[in-house]
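Every chain is numbered from 1 and lettered A, B, ... according to where its sequence line falls, protein lines coming before strand lines.
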Amino acid sequence: GAVVSQHPSWVICKSGTSVKIECRSLDFQATTMFWYRQFPKQSLMLMATSNEGSKATYEQGVEKDKFLINHASLTLSTLTVTSAHPEDSSFYICSAPLAGESYEQYFGPGTRLTVT
Amino acid sequence: KNEVEQSPQNLTAQEGEFITINCSYSVGISALHWLQQHPGGGIVSLFMLSSGKKKHGRLIATINIQEKHSSLHITASHPRDSAVYICAFHYGGSQGNLIFGKGTKLSVKP
């Protein structure tokens with residue numbers, strides 16, 4: 001089956017620094033990838049849609065200048081959390097649909113970010 | 001307003017028991033996923049369905065579009081089934097607009 005990887009799986013950073021999270025589709029091309037986050041004991045929430053070759057679209061309430069998304073190739077999307085704050089500590093997950101498929105999604109293993 | 005409700009929130013079962021997790025939603029949907037999230041956080045997609053019933057091994061998922069309800073069944077449960085099970089649905093024809101339930105935490109005791 002299709003595989004999506006994320007790197008790193010966990011990261012601890014200091015407040016004010018930036019952190020980059022990578023999402024890769026390993027055996028298929030993904031023109032679109034989705035970024036979600038999950039706060040403790042909360043549901044997953046869509047943050048943004050990453051589009052290869054064009055700007056990402058952000059959900060309401062998500063600061064595009066803080067969460068920079070770059071979809072540089074058909075297999076890689078990156079999420080950079082800039083000037084991280086402790087409230088950004090969360091579990092970040094990406095997913096990718098197979099091109100041409102209707103709603104089938106493949107999820108990455110997630111990245112746990114802790115900002116101290 | 002909660003657009004998706006899962007029940008129960010927590011479930012403890014003995015190994016071998018038949019398990020049912022329910023998901024009700026309040027809007028018209030395009031497709032519904034059942035996902036499994038392990039303690040480390042990683043998510044595995046178990047099923048994606050828009051009608052009827054699907055079966056994979058000991059797992060069965062059903063959906064009733066008219067009643068806006070889906071169920072996930074696990075037969076002959078095993079401790080390795082212990083995880084959080086999440087239902088999520090697409091709406092509005094968009095692949096990314098997934099609305100997630102809060103999950104059902106399942107613990108299967110040996």
Visitor: Restricting to pairs with a member in residues 56-65 of chain B, which pass salt bridge (Lys or Arg N to Asp or Glu O under 4.0 Å), not counting sequence neighbours?
Guide: Arg58(B)-Asp81(B)
Visitor: Quick one: of Gln42(A), Gln6(A), Gln38(A), who has the most non-hydrogen atom pairs under 4.5 Å with chain B?
Guide: Gln38(A)
Visitor: Side chain, backbone, both or neither: which part of Leu44(A) has an atom under 4.5 Å from a heavy atom of chain B?
Guide: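 Its backbone and side chain both get close to chain B.
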Visitor: Take Phe18(B) and His73(B) through the test ring pair (Phe, Tyr, Trp, His ring centres under 6.0 Å) and record every step on the way to the result.
Guide: CA-CA 7 Å; Phe18(B) 180 83; His73(B) 306 284; 5.4 Å; yes
Visitor: Do NZ/NE/NH1/NH2 and the carboxylate oxygens of Glu22(A) and Arg24(A) come within less than 4.0 Å?
Guide: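 Between Arg24(A) and Glu22(A) there is a salt bridge, with a charged N closer than 4.0 Å to a carboxylate O.
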Visitor: Of all of Val84(B), Ile43(B), Ile86(B), which one pairs up most often with chain A through heavy atoms under 4.5 Å apart?
Guide: Ile43(B)
Visitor: More than 12 non-hydrogen atoms from neighbouring residues, nucleotides or ligands closer than 6.0 Å to NZ on Lys105(B), yes or no?
Guide: no
